[in-house]
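All residue numbers refer to positions in the sequence shown, counting from 1. Note that the coordinates shown come from a computational prediction; the quantities given were computed from them, not determined experimentally.
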Amino acid sequence: GVGHTTTTVNLAAALAKSGQRIVVLDAGRALIASALNLKARYELLHLLTGERKIADTLLAADLFDVLPATKGIEEFIASGGVVDDLFAAFTSLDQPYGVAIMAIPGAAASALTPLDAEIVFVTNDTNESIKSTYAELKKLSAEHGRQRFRIIFNDTEDPHRAQDAYARLADTAQKFLQAELALGGIVPRDPAIRRATSAYTHVYGIEPSPAQQIYTSIAADMAGWHLAEFADNAQFA
């Protein structure tokens, strides 16, 4: 309910607009494909079993591609598959992808992402959402040793309130989890997002808007995410 799907769609579009070739691994409840009115015939499971090639499983959205993965993610985790092998499928193509965005449940984040990948949480400034985000951070920190995360605030009416909420969350995570947080961006409450969602597209598919400007800014900042806040450990982003 905080906008994980719309954030993923719009961030993928923003990165694509910056000139990168993007694939989104849709590993939740097929929400990304549904948001774009895409119908999947094959999924990651068919790729893993060798029944289909990667080109058969990909869905073409406007500006980026989607790999349906609701069926196949649990099997991949259970198999003990190497995450690098999964990404190799994207980079070994004739036209390789520059960025893979994995829209996945928090519980699967550690198993499905290499240590140098960004784990980004989408939240809003309500107490309920902040508590839920902290619970997921705690789980990943305590059970999987992940200690650095990125936070994007979505559907924000008051950016100052979001900044305050982030400061409290970051302080609590540092104090009790020894986890480091970085603010990925604050997306405003913008009617353009709702119009884009109703049209099964992203904010770049309609008129210019404040949200579009913010996503463009976040996409531009992502090039430095690996270094800026966490420079003490270049292996982490």
For the student: nearest non-hydrogen atoms of [X] and [Y], plus distance:
X	Y	result
Leu38	Ala61	CD1-CB, 4.0 Å
Leu59	Ala33	CD1-CB, 4.3 Å
Pro188	Ile214	CD-CG1, 3.6 Å

| said: Rounded to the nearest 0.5 Å, what separates atom OH in Tyr215 from atom CD1 in Ile152? | reply: 7.0 Å
State whether the side chain of [X] and the backbone N or O of [Y] hold a donor-acceptor pair below 3.5 Å, judged by distance alone.
X	Y	value
Ser129	Asn124	yes
Glu43	Lys71	yes
Gln174	Glu180	no
Ser18	Leu15	yes
Gln147	Leu177	yes
Ser217	Gln213	no

| Can you find a side-chain donor-acceptor pair between Asn10 and Tyr204 that sits under 3.5 Å? |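 Result is no, nothing qualifies.
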| request: Answer yes if the side chains of Thr123 and Tyr166 hold a donor-acceptor pair under 3.5 Å, and no otherwise. | output: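 Checked: Thr123/Tyr166 side chains show no N/O donor-acceptor pair below 3.5 Å.
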| Are Asp155 and Val187 close enough, and set up right, to give a side-chain contact (heavy atoms from CB on, under 4.5 Å), and what steps lead you there? | CA-CA 6 Å; Asp155 194 31; Val187 181; over 6 Å; no
| task | On the 0 to 90° scale, with breaks at 30° and 60°, tag the Phe64-His202 ring pair as parallel, tilted or perpendicular. | result |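 Tilted.
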| task | For residues 51-64, pull every pair meeting salt bridge (charged side-chain N to carboxylate O under 4.0 Å, His left out), keeping only residues two or more places apart or in separate chains. | result |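 For residues 51-64: none.
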